[in-house]
Amino acid sequence: MKIPSNILTLIAGIALTMICLWYGQNHGLMPIAASAEARTVDEIFNFMMTIATGLFLLIEGVLIISIFKFRRRKGDLTDGPSIEGNIPLEIVWTAIPAVIVFILAIYSFEVYNKMGGLDPMASHDMGTQIAHHHHNDNLVALDLEGQEVALGLGASPGNKDEESLVVDVNGLQYAWLFTYPDTGVVSGELHVPVNRQVTLNISAADVIHAFWVPQLRLKQDAVPGREAQLTFVPDRVGEYPIICAELCGAYHGAMKTTLFVETEAEYNQWVQDNTFAQESFLDEAVARQ
Ligand SMILES: [Cu+2]
């Protein structure tokens, strides 16, 4: 019995659809998602993986089938049939990618906008940014004087909560320095409580660095003389690497630290410990003078 080819095509199409829908969710290419923003990014990534898997299997599948099915048989010295193109086919294979690209463009625009990336206020509102960032340490305040611009993801005022935890992040050769304006804590590690919005004001003291946490799916350049922002909601307790993602010098590869997403209690304890440690250090320094 011979199965009609349109039935075979239908079965292949269903199988292909199921495989790419499954693989789009189970590719395992992404690290753990530790923020609400990471989940949004993963949704579009998975969507693209689904489409890419379908296209890959379809094109490679047809190629492999053709290699065997239309190979030159022994003793066959004839030319292949002369085919002069196919207008409907060309319209279809132009229209399908055009539609896919259009959908992806709208979707990614939507995701970027949701994360605050398109906010014009974030990159042009110089006045308020200058006023806002004078609590940076002296070194930076001097560098940034009069020419600060905030840009970056999640910077939209509409996106920002009242109770957002603000941390000033300074990149320098070869370390990250985190200053908590509310409590005065200065640290080489970034500690944040889980499920509370965090706003990072990112700057650089010397050369261009980039603040990157793969588990947040967020990366932001740290540019001398400029102020950039990242706003996110960490929603998974854990320890995640903070990596400098811009070649910044000989020890660029060592410019790493850790983001600690902690429970409220753990975070408060850390703040208390560090406030106490810094106060006693300062007291000692004053006493010595
Ligand atoms: Cu760096």
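In this chain, residues are counted from 1 in sequence order. One-based numbering, in listed order, for ligands and for the atoms of each.
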Q: May I have all residue pairs that pass side chain to side chain donor-acceptor pair (under 3.5 Å) and include part of residues 239-253, sequence neighbours excluded?
A: Arg236-Tyr240

Under a plain distance cut-off of 3.5 Å, with no hydrogens placed, do [Y] and [X] share a side-chain donor-acceptor pair?
| X | Y | value |
| --- | --- | --- |
| Ser203 | Asn170 | yes |
| Asn201 | Asp168 | yes |
| Asp273 | Gln269 | yes |
| Thr199 | Ser164 | yes |

**Q.** Pair Phe178 and His191, ring centroids less than 6.0 Å apart
**A.** no

(Q) Just to be sure I understand the site: which N, O or S atoms from the protein are less than 2.8 Å away from the Cu ion (ligand 1)? (A) His209 ND1, Cys244 SG, Cys248 SG, Met255 SD

